[in-house]
Every structure is written in C-alpha cells, then in structure tokens.
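To start, the structure under review is shown below, and the notes come after it.
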Amino acid sequence: MPTLRTWLANHGSWDRTAAELGVHRNSVRHRIGQVERALDVELADPETRMRLWFALRWA
C-alpha cells in the first residue's frame, strides 16, 4: 500500500515515486504490477486510479 499510495500521489511518476521511496524505478514498476494483478485492475484507467486514491485516503 505505501508504494501504491506514493505512486498515486505522484501522478504515476515512476521516477518521483522511486526517489521518494528510496528504491529503483523498476522496483516501483514491479510493485505496481503486483497491485494490478492482486486487485485485478488496470491502473492506466484514470477512474480506477481515482477510486483507489479515495479508498486509500479514507482508510
């Protein structure tokens, strides 16, 4: 969840997310891919990103 929350807060920027988390951008890509598979969603869809953003903000 921290990676997803940070990625969403950085508007899907691999580089900014990686810098903020202190990991390589490929690690971020891998983690986001895991989230997509686990939740069976496509984060390329803006509505999906919005729903997840609000869900994480209210959690």
Side-chain angles (χ1 to χ4, degrees):
M1 284 190 9
T3 300
L4 178 59
R5 182 179 284 121
T6 304
W7 185 78
L8 290 169
N10 284 300
H11 307 287
S13 170
W14 307 114
D15 292 328
R16 287 188 301 214
T17 302
E20 194 168 322
L21 295 173
V23 299
H24 193 275
R25 69 175 175 241
N26 288 344
S27 295
V28 175
R29 288 178 190 256
H30 177 73
R31 292 176 187 179
I32 294 299
Q34 287 180 315
V35 169
E36 287 181 314
R37 288 186 294 281
L39 298 178
D40 193 29
V41 297
E42 284 201 30
L43 293 174
D45 177 32
E47 188 170 326
T48 299
R49 290 192 311 268
M50 178 192 67
R51 288 178 184 200
L52 286 172
W53 172 252
F54 283 114
L56 289 170
R57 295 290 290 168
W58 291 330

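This is a predicted model, so every value here is computed, not measured. For this chain, numbers begin at 1 and follow the sequence in order.
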Closest non-hydrogen atoms of Thr17 and Ser13, given as atom of the first, atom of the second and distance, are OG1-O, 2.7 Å
Nearest heavy-atom contact between Arg49 and Ala44 is NH1-O, 3.0 Å
State, yes or no, whether a side-chain contact exists between [X] and [Y] at a heavy-atom distance under 4.5 Å.
X: Val35; Y: Thr3; value: no
X: Leu43; Y: Leu4; value: yes
X: Ile32; Y: Trp14; value: yes

* Apply the test side chain to side chain contact (heavy atoms under 4.5 Å, CB included) to residues His11 and Arg16: give CA-CA distance (whole Å), side-chain angles for both, the deciding distance (0.1 Å), then the verdict. => CA-CA 9 Å; His11 307 287; Arg16 287 188 301 214; 4.3 Å; yes
Pairs under 3.5 angstrom only: tabulate donor-acceptor contacts from the side chains of residues 51-59 to other protein residues two or more places apart or in another chain.
residue	atom	partner	partner atom	Å
Arg51	NE	Glu47	OE2	3.3
Arg51	NH2	Glu47	OE2	2.5

Strictly distance-based, threshold 3.5 Å: is any side-chain N or O of Arg5 a donor or acceptor partner for the main-chain N or O of Met1? no
side-chain hydrogen bond (donor to acceptor under 3.5 Å, both in side chains) filter on His24, not counting sequence neighbours, yields none
Point to revise | Flag for Asp45-Thr48: side-chain donor and acceptor within less than 3.5 Å | key: yes
